[in-house]
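Reviewing the structure listed below.
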Amino acid sequence: QVQLVESGGGLVQTGGSLRLSCLHSGGNFSPYDVAWFRQAPGKEREFAALIRRSGGSTYYTDSVKGRFTISRENAKNTVYLQMNSLKPEDTAVYYCAATAGYYPDNRQYTRRDIFEYWGQGTQVTVSS
């Protein structure tokens with residue numbers, strides 16, 4: 001059973017950094033492509049970053065490119081999201097999502113409906 005647990009959120013000032021973790025507490029994470037989504041108050045949940053199961057391919061939405069880095073340690077069943085140069089507009093609940101499916105185009109992973117498994121989310125607040 002896939003169970004995703006996010007951690008690492010918190011309150012940080014503009015320009016600061018946070019590292020989020022997504023642990024697959026149910027076992028082996030390596031067969032899954034994993035993404036981070038985020039949902040700001042009053043807005044829809046949106047895609048932020050993707051890492052393929054091999055760890056060799058990543059993909060970012062334009063607003064976080066160059067500031068966020070997604071990585072994974074399959075031996076620890078964990079995916080990370082390093083967030084630097086944070087801005088107030090990054091304030092949101094951040095969700096980890098996983099899929100066992102395969103999609104050839106990274107852009108397909110921006111769709112929420114292809115992910116079978118979701119964590120409960122972790123709050124990130126960036127103060128100005």
Side-chain angles (χ1 to χ4, degrees):
Q1 184 178 359
V2 178
Q3 293 180 310
L4 306 180
V5 181
E6 301 99 333
S7 61
L11 174 64
V12 65
Q13 291 185 334
T14 297
S17 297
L18 283 173
R19 187 176 81 155
L20 306 184
S21 298
C22 173
L23 170 68
H24 171 18
S25 61
N28 186 10
F29 218 174
S30 58
Y32 301 93
D33 293 336
V34 180
W36 286 94
F37 284 74
R38 61 185 184 179
Q39 187 166 18
K43 295 188 177 181
E44 290 197 354
R45 195 172 300 186
E46 65 174 7
F47 170 85
L50 164 76
I51 188 163
R52 297 282 194 152
R53 60 205 68 190
S54 67
S57 177
T58 58
Y59 180 67
Y60 301 90
T61 193
D62 286 346
S63 61
V64 308
K65 208 173 292 183
R67 299 187 299 122
F68 290 11
T69 302
I70 190 170
S71 61
R72 67 191 299 161
E73 284 190 73
N74 285 339
K76 293 185 177 181
N77 296 321
T78 302
V79 170
Y80 304 99
L81 185 68
Q82 177 67 43
M83 306 186 295
N84 299 329
S85 302
L86 283 162
K87 306 175 182 179
E89 50 264 44
D90 294 317
T91 295
V93 178
Y94 283 71
Y95 296 90
C96 174
T99 179
Y102 173 76
Y103 303 87
D105 188 337
N106 284 337
R107 291 171 294 181
Q108 295 175 279
Y109 289 86
T110 63
R111 292 169 42 199
R112 296 190 303 268
D113 61 333
I114 69 165
F115 291 92
E116 303 96 283
Y117 309 104
W118 291 85
Q120 82 290 347
T122 186
Q123 176 71 47
V124 171
T125 302
V126 185
S127 64
S128 56

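These values consider heavy atoms only, across backbone and side chains, with no hydrogens, waters or symmetry-generated copies. Residue indices begin at 1 and follow the sequence shown.
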- Message: Taking Phe47 as the starting point, is it possible to reach Ile70 by hopping between hydrophobic residues whose side chains are less than 4.5 Å apart?
- Response: no
- Query: What distance separates Leu81 CG from Leu18 CG, expressed to the nearest 0.5 Å?
  - Reply: 9.5 Å
- Query: Centroid-to-centroid, Tyr103 to Tyr109, below 6.0 Å?
  - Reply: yes
- Query: With hydrophobic residues grouped by side-chain heavy-atom distances under 4.5 Å, do Val12 and Trp36 end up in a single group?
  - Reply: yes
- Query: Considering residues at least two apart in sequence or located in another chain, which fulfil the side-chain hydrogen bond (donor to acceptor under 3.5 Å, both in side chains) criterion with Ser63?
  - Reply: Arg38
- Query: Of all heavy-atom pairs between Tyr80 and Lys76, which one has the smallest distance, and what is that distance?
  - Reply: OH-CD, 4.2 Å
- Go through the structure and list residues passing side-chain contact (heavy atoms from CB on, under 4.5 Å) with Arg112, not counting sequence neighbours. Phe37, Glu44, Arg45, Trp118
- When every non-hydrogen atom of Ser57 is compared with those of Asn106, the smallest separation belongs to OG-ND2, 3.7 Å
- Item | More than 12 heavy atoms of other groups within 6.0 Å of Lys43 NZ | no
- With sequence neighbours left out, write down each residue that passes side-chain hydrogen bond (donor to acceptor under 3.5 Å, both in side chains) with Glu89, or none if nothing qualifies. none
- Item | Side-chain donor or acceptor of Asn77 paired with backbone N/O of Gly27 under 3.5 Å | yes
- Hits for ring-ring contact (aromatic ring centres under 6.0 Å, His included) against Tyr60, two or more places apart or cross-chain, chain-then-number order -> none
- Message: Counting C-beta onward and ignoring hydrogens, is there a side-chain heavy-atom pair between Thr91 and Gln123 closer than 4.5 Å?
- Response: yes
- Checking Arg53 side chain against Ser30 main chain: does a donor-acceptor pair fall under 3.5 Å? no
- Task: Quick one: closest heavy-atom pair of Ile114 and Thr99, and the distance?
- Result: O-OG1, 3.1 Å
- Message: Could you check whether Asp90 pairs with Lys87 (Lys NZ or Arg NE/NH1/NH2 to Asp/Glu carboxylate O, under 4.0 Å)?
- Response: no
- Query: Should His24 and Tyr117 count as side-chain neighbours, where that means a heavy-atom distance under 4.5 Å?
  - Reply: no
- Item | CA sep, side-chain torsions, deciding dist, call: Leu4, Phe29, side chain to side chain contact (heavy atoms under 4.5 Å, CB included) | CA-CA 10 Å; Leu4 306 180; Phe29 218 174; 3.6 Å; yes
- Do Leu50 and Tyr102 sit in the same hydrophobic cluster, where Ile, Leu, Val, Met, Phe, Trp and Tyr count as joined when their side-chain heavy atoms come under 4.5 Å apart? yes
- Show the numbers, then the answer: is there a side chain to side chain donor-acceptor pair (under 3.5 Å) between Gln13 and Ser127? CA-CA 5 Å; Gln13 291 185 334; Ser127 64; 5.0 Å; no
- Item | Pairwise distance CZ(Arg107) to OH(Tyr59) - rounded to 0.5 angstrom | 6.5 Å
- Query: Stepwise, does the side chain to side chain contact (heavy atoms under 4.5 Å, CB included) test hold for Val124 with Met83?
  - Reply: CA-CA 10 Å; Val124 171; Met83 306 186 295; 3.8 Å; yes
- Note on the structure: ring-ring contact (aromatic ring centres under 6.0 Å, His included) filter on Phe68, not counting sequence neighbours, yields none
- Under 3.5 Å, is there a donor-acceptor pair between the side chain of Glu6 and the main chain of Thr122? no
- Item | Hydrophobic cluster identity match, Tyr95 and Val34, side-chain contacts under 4.5 Å | no
- Note on the structure: By side-chain contact (heavy atoms from CB on, under 4.5 Å), Ser54 pairs with (sequence neighbours left out) Arg52
